[in-house]
Amino acid sequence: MAPKRKAQTQEVAAEDGFELELEEAALSDQETYDKVRNQFDAVALSKRARAERGTDAASFMFKKCDQWDSNLKPDHMNRPLWIDDAGRIILESFSPIFDEAQDFLINIAEPQSRVSRMHEYSLTTHSLFAAVSVGHSTKEIMQRLEKYSKTPLSPTLCKFIEGSTSSFGKAKIVLKKTLSYIESDDPTILQRLLRDPQIAQCRADTTDGLIQEAAPQIGVMAIPGTKLAAGAKQVTQTTEPDQNPDNPQNVQNPGDMIAALREDDEDEEVAQVHSFQINKADRENVIKRCLAIGLPLTEEYDFNNDDVNPNLEIDLQPHAQIRYYQEKALSKMFSNSRARSGIIVLPCGAGKTLVGITAACGVKKSALVLCTSAMSAVQWRAEFLKWSNISPDDIAVFTAENKQAFPRQAGIIISTYTMITGSKTRSYDSEKVMKFITEREWGLLIADEVHVVPANIFKKVTYNIASHAKLGLTATLLREDDKIEDLNFLIGPKLYEANWQELSEQGHIARVQCAEVWCQMTPEFYSEWLKPSTVQKRAMLSIMNPRKFQACEFLINYHEARGDKIIVFSDNVYALEKYARKLKKAYIYGGTPQAERLRILENFQHNEAINTIFLSKIGDTSLDLPEATCLIQISSHYGSRRQEAQRLGRILRAKRRNDEGFNAFFYSLVSKDTDEMYYSSKRQAFLVDQGYAFKVITRLEGIEQQPTLSFRTPQERRELLLEVSLANESELGEERIAGDLFGSKFASKGGKAKRAGARRTAGTLSDLSGGQDMAYIETNKSRNKELKKKGVQNNFLRKMQTSHSNLKKANK
DNA sequence: AAAGGTGGAA
DNA sequence: CAGGATCCACCTTT
């Protein structure tokens, strides 16, 4: 703490205009930097807090505008950026140089929200770190910001950028011949590191000075699958103008000195690099320590010069043509012919898998792919075989049922996070494969869906597995907690983030109409809802709201008539089953056995008669349903933005997306005047930021004309209410089964926890229905007969339900 | 011996 | 913030 207790006053000042006074003379670089950074954070926080507090989210922006007005550059209309002192950047998307500016901003700033006319970014220490690590220099960042900004950059901001960039990304951790080196083009940085006792202790080589050698040639890396790799010399056609920042043609204003300066930079950098070696065992510690003292290391893998690890024979199939944004993302990873660790953010359905595969083809070393479920592990393998020419022997899946390693020197293993991190006792085979994995060196580690991996788990992964480069793939780099930050340091900076809107405009992902349907609660349900009761009960009531049910039914009818394939999501398993049964549709939840799921999905995809399925949370991830074109959400997990985004992602890859005028639909059904309203708005935040407009529908056109909707009479509604209430009570503890007409309690608790209990009760129930002894097995059969008797019309449905072997529930 | 249920874990 | 879903290892059964 500085002796001068100015913090208070400064914070107050910060609230209103953010005036900084720094006594630079008294402070070292590091201190200056810390101070600037702290104040930045404080300002950003207070602003955000104020905005979120909701007094008026927009007012401070207007205030900022007043300030900006005063010093606009004369030609400001040609410049697309508004930048304030706290690093908030507003980008006008209608600017002529929008593309150029956006490409640049994506590299240096964090996208906050990208709605159609204006995109908001914010400069953070971390985003600047990422910028430097993908090769932008301080000078370049400043100059280009200055170029795009409508107002002159404030000294505060300049100081911030300088402070962040000068210390970030200067030192790299590089593996050469499997040994770890800390490398930098500036020897003073290394000396500064070595002065730190903890780091010095980890040093491996015994030389006094530093190792010095010529820097590697910075060449254009040929990314497999691009025309460049195919041998075509016309690079400019395939690459976006801004992909290569060193391309002087990008400089629009010839008066700018950027190009010249940039070239100077290059010359300096190419000259020489210095390094010292560290003990491999201490690698984690060094990275951590460097982070702590403000000099984080970037991690790069010089795979071309790695002759210790055997090469893997893998190349993309000739027919695999990667798209420009995938190429852009990969070029960030592979510039200067090394593999850089980091995270690539692409919307679901935009080809994350292909990016991963291409990366593996680029590195051509053994690779380890980690995904969240065993199912997607199998899918990854299939994709590998489809897109690359890798021999099937070289690619193994390591899950509970499939424990293999590859027989040859190099290969690919696909596994799950749980399998790798699991600390419990393993079977002998698992142990063997784990040993195989931990004892070898991996060229590339691909982490699928990194956002779901809590940092501490991934720490374990990085600790256990020696991998030279790590690539994280995700669609939604956000979590409701703050663990996402840790990922930045465990894997690396975010290398690329695609813009959903842009991709959908170009037809890479489907266009989506989003709508929120507000359903009135019926009087019976609302008065019940108003009674003091538990959160669960209220939630249940709002989900089971008959009007919502009708809306759902109406939408299904409407979209089935249009020829859409519909997925209905419900987090609540009880509601899921209720809806699905009432509407005679197939449904899948956690308790549905594997074979059953596959059958249902198969039918959904290929059977003309099955156009709607109901899914529980299970459908959120790793279920590939390219047929779906319409999505209805009837209940959801509180305010989880990620879930919303991922569900939307389910329909983004719609096969028919390139049809003329094709639209996918996303409905969120919300019971009016309940908690759902609040959660719904919160959940949408991310999608809105990605530029999706949510329409609010309060009345469905033509719903009155539908004569066949369920729950039209108050009588039916009261029955439903009764059912729901009873189901709810029994759920809340007591083994109450009377009146539980559909045995729904057990359906909703399909999980293992209550299975034993369920079985016992099922016995009792089957007593009631006449199956006297060994009730458990018999239950199914008698139930099936019942179903047949009831005359289920739909062939498929009957077939499906007959073989629904996991029915712990007894139907009345 | 496959297939499927159970329990524990995170 | 809690409960659901998932995964794995072990244990039973045509």
Side-chain angles (χ1 to χ4, degrees), chain A residues 370-379 397-403 414-434 448-449 452-461 479-483 534-540 543 569-577 587-598 614-623 635-640 642-643 646-647 675 679 682 728 731-733 745-760 762 774 776-777 779-780 803-809:
Chain A
L370 295 180
C371 31
T372 45
S373 74
M375 220 195 221
S376 63
V378 175
Q379 276 175 10
V397 173
F398 174 47
T399 54
E401 63 220 44
N402 208 336
K403 291 154 188 140
I414 303 171
S415 184
T416 62
Y417 291 108
T418 34
M419 205 64 195
I420 297 293
T421 54
S423 47
K424 338 179 269 191
T425 56
R426 281 201 178 78
S427 65
Y428 174 73
D429 282 346
S430 299
E431 205 64 62
K432 217 166 65 181
V433 180
M434 265 314 282
D448 194 19
E449 313 283 352
V452 298
V453 187
N456 54 349
I457 293 215
F458 203 80
K459 243 172 234 172
K460 233 187 250 170
V461 174
R479 290 170 63 94
E480 300 302 323
D481 55 24
D482 51 1
K483 295 244 174 70
T534 60
V535 211
Q536 289 91 341
K537 175 141 194 220
R538 287 194 158 183
M540 181 69 92
I543 296 167
F569 274 109
S570 165
D571 261 31
N572 186 311
V573 185
Y574 172 81
L576 177 83
E577 200 198 15
Y587 63 96
I588 302 179
Y589 72 108
T592 317
Q594 222 31 248
E596 203 55 44
R597 294 182 193 184
L598 287 179
F614 281 68
L615 297 179
S616 74
K617 260 195 205 147
I618 193 178
D620 286 359
T621 45
S622 69
L623 241 54
S635 87
S636 50
H637 188 75
Y638 302 107
S640 166
R642 189 190 54 72
Q643 188 184 41
Q646 287 213 309
R647 286 185 171 172
D675 303 349
Y679 289 131
K682 192 163 168 243
N728 207 275
E731 195 126 311
L732 291 179
K745 169 181 192 293
F746 313 116
S748 66
K749 289 289 172 194
K752 292 85 194 178
K754 307 228 166 135
R755 231 179 244 157
R759 186 199 302 193
R760 233 177 291 120
M774 24 165 245
Y776 181 40
I777 310 296
T779 319
N780 286 343
S803 57
H804 198 297
S805 57
N806 195 42
L807 291 170
K808 290 296 170 334
K809 49 232 160 191

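Just so we're clear, the structure is a prediction, and the values are computed from it rather than from any experiment. Residue numbers start from 1 in every chain, and the chains themselves are labelled A, B, ... in the order their sequence lines are given, proteins ahead of strands.
- Residue A:Asp675 contributes atom CG, which lies 17 Å from atom P of C:dA2 at whole-angstrom precision.
- With values rounded to the nearest 0.5 angstrom, A:Asp429 atom CG is found 14.0 Å from A:Met434 atom CE.
- When the P atom of C:dC10 is taken as reference, atom CD of A:Glu431 falls 11 Å away, rounded to whole Å.
- Counting only heavy atoms from C-beta on, A:Ala374 has its side chain closest to C:dC8 among C:dA9, C:dA5, C:dC8.
- Across C:dC7, C:dA5, C:dA9, the shortest atom-to-atom separation from the side chain of A:Lys403 is found for C:dA9.
- Taking atom OH of A:Tyr679 as the reference point, atom P of C:dA2 lies 13 Å away to the nearest angstrom.
- At whole-Å resolution of the value, CZ in A:Phe569 and P in C:dA5 are 13 Å apart.
- Evaluation of the side-chain hydrogen bond (donor to acceptor under 3.5 Å, both in side chains) rule for A:Asp675 yields no partner, not counting sequence neighbours.
- Residues passing the side-chain hydrogen bond (donor to acceptor under 3.5 Å, both in side chains) test with A:Ser430 are A:Ser427, sequence neighbours excluded.
- For C:dT6, the OP1/OP2 oxygens have no side-chain nitrogen or oxygen of A:Thr416 closer than 4.0 Å.
- Without hydrogens or angle criteria, A:Ser640 side chain to A:Gln643 main chain gives a donor-acceptor distance under 3.5 Å.
- In this structure, the CD atom of A:Gln646 is 16 Å from the P atom of C:dA5, given to the nearest Å.
- Residues passing the side chain to side chain contact (heavy atoms under 4.5 Å, CB included) test with A:Ala374 are A:Thr399, sequence neighbours excluded.
- Between A:Met540 atom CE and C:dG4 atom C1' there is a gap of 14 Å when expressed in whole angstrom units.
- Side-chain N/O atoms of A:Thr399 include none lying less than 4.0 angstrom from OP1 or OP2 on C:dC8.
- Taking the side chain to side chain contact (heavy atoms under 4.5 Å, CB included) definition, one finds that A:Val461 meets it with A:Leu370, A:Ile420, A:Thr421, A:Leu445, A:Phe458, A:Ile465, sequence neighbours left out.
- Checking C:dA9, C:dA5, C:dC8 against the side-chain heavy atoms of A:Lys617 singles out C:dA5 as nearest.
- Not counting sequence neighbours, the partners of A:Ser635 by the side chain to side chain contact (heavy atoms under 4.5 Å, CB included) test are A:Ile543, A:Ser570, A:Asp571, A:Asn572.
- At least one side-chain nitrogen or oxygen of A:Ser616 sits closer than 4.0 Å to the OP1 or OP2 atom of C:dA5.
- The CD-C1' distance, from A:Glu401 to C:dC10, rounds to 15 Å in whole Å.
- Atom CG of A:Leu576 and atom C1' of C:dA5 are 13 Å apart (whole Å).
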Secondary structure of DNA chain B in dot-bracket form (Watson-Crick or G-U wobble, distances below 3.5 Å, | marking inter-strand pairs): .||||||||.
